[in-house]
Number of protein chains: 2
Amino acid sequence: MLSALGPASGYSLSKRFDATLGHVWNAKHSQIYPELKRLQAEGLIEVTDEGARGSKSYTITHTGRATVSHWVIDTEPAPVRRNEAALRAFLIPLVSQDDARAVLQREADFSTQRIQELEALRSTAEHAPGHFGALALELGIRQMHTIRDWAQWAIEQLDQDTNAQAAHRSHSPQH
Amino acid sequence: MLSALGPASGYSLSKRFDATLGHVWNAKHSQIYPELKRLQAEGLIEVTDEGARGSKSYTITHTGRATVSHWVIDTEPAPVRRNEAALRAFLIPLVSQDDARAVLQREADFSTQRIQELEALRSTAEHAPGHFGALALELGIRQMHTIRDWAQWAIEQLDQDTNAQAAHRSHSPQH
DNA sequence: CTAAACATGTAAACGGTTACATGATTCG
DNA sequence: CGAATCATGTAACCGTTTACATGTTTAG
């Protein structure tokens, strides 16, 4: 984050996480402060200013920037292995048809809400095309659309299964 | 998993994670064995059979099944807070245009490969419509499509930006 | 004056991964 | 007979969250 958005104190990094990066990667202040010390000890960042109320401004070093670039370029994509929405989907057959519909509808509603929040962000200056976060924000929005569409599709599937079974019963009522 | 796919030993659960649920939620045997003991102590599962080589077959109890259903129905969706693809996207402006293109292309290629793997799964009996895993698999496939499409869109964006800047330079060459 | 915001830290606990460790059975 | 597979466990470590803890400055 220091490499992308410039120098900051632990406190303002924490605010940046809440505002900008939170939907992509998050960190609490209790993780940030020790991490800043560790990065400083490794020479990847340095204290460049000390302001009011004991605040310290950290700036990324040349080595630090190189390390981040290297990570971006050389890290190979890995499949996500913690997908809570999909886990619930996996277990859906355990619950009643009505409960299943409700669960999926809640997922769809939640996504709709997130889409609105993220699209509001998109019109801010920091997320203009070419800026840090613009690509990530676009991906976030698309992923929310995907979950919403999937949930609506899944509800239709449930209903079709029900109708198909009902139709089958009415055609062969004795079996 | 015991509630969805029936009784299993720690070893076979580990195999099931590798085969079926891995792309959604994963667990290693070192996590599974202690967890089975914990769930047993809480009365959510029980040992129903002891086979060869000291293998123990665990079955979900009535309470266990109720607990899982309750979790599925009552857990509200939470925004994902660890999205490595999006994090890389966020940091893309740090690297050169060529490197950026390569990173995005790798992401697209990786997704294409995953799509093929997951679609191969879809034609298996366990993933037929209405079965455990069918909805989750569909979501997984759609999410991979989303990343692939997004990466391709992002590459186009990069190229358009370059062209626009080149055009701008050629129209006002002195500035 | 006091509540909110600014600002920084530490400790305990938890979930998960990696590595260590052991032994039984089957297949070639 | 030896390698692969079946089968179960523990220990150390790491990243993260929750809770604890403290002090300063600003705005109403």
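Each chain gets a letter, A, B and so on, in the order the sequences are listed, and its residues count up from 1.
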Worksheet entry | Integer-rounded Å distance: C:dG15 P and B:E35 CD | 8 Å
Worksheet item: Toward the 5' end of DNA chain D, which comes first, B:Y58 or A:W25, by nearest nucleotide?
Response: B:Y58
Discussion item. Cation-pi check for A:W25 against B:R82: NZ or CZ below 6.0 Å from the six-membered ring centre and within 45 degrees of the axis, yes or no?
Written reply: yes
Worksheet entry | Phosphate-side-chain proximity, A:S30 and D:dA19, N/O vs OP1/OP2 below 4.0 Å | no
Worksheet item: Can you find a side chain N or O atom of B:Q31 that sits less than 4.0 Å from OP1 or OP2 on C:dT17?
Response: yes
Discussion item. Please confirm whether the shortest side-chain N or O distance from B:K15 to OP1 or OP2 of D:dT5 is below 4.0 Å.
Written reply: no
Practice prompt. Respond yes when some side-chain nitrogen or oxygen of A:R53 is under 4.0 Å from OP1 or OP2 of C:dA5, and no when none is.
Written response: no
Fill in: B:H62 and B:R65 side chains, donor-acceptor separation under 3.5 Å
no
Practice prompt. Return no unless some side-chain N or O of A:K28 is found under 4.0 Å from OP1 or OP2 of D:dT18.
Written response: yes
Discussion item. Pick the closest DNA chain D nucleotide for A:N26 and for B:K37 by heavy atoms, then say which residue is nearer the 5' end.
Written reply: B:K37
Discussion item. We want to know whether B:T146 and A:T146 form a side-chain donor-acceptor pair, criterion being a heavy-atom distance below 3.5 angstrom.
Written reply: yes
Discussion item. Can you tell me if B:R82 touches the phosphate of D:dG15, counting only side-chain N or O atoms and a distance under 4.0 Å to OP1 or OP2?
Written reply: no
Discussion item. Of the listed nucleotides (D:dT8, D:dT10, D:dA19), which one gets closest to any side-chain atom of A:H29?
Written reply: D:dA19
Discussion item. Between B:T61 (side chain only) and B:G43 (backbone N and O only), is there a donor and an acceptor less than 3.5 Å apart?
Written reply: yes
Worksheet entry | N/O (side chain, A:Y11) to phosphate O (OP1/OP2, C:dT8) under 4.0 Å | no
Response to the item:
When rounded to whole Å, the OH to C1' distance for the pair A:Y33 and D:dT18 reads 17 Å
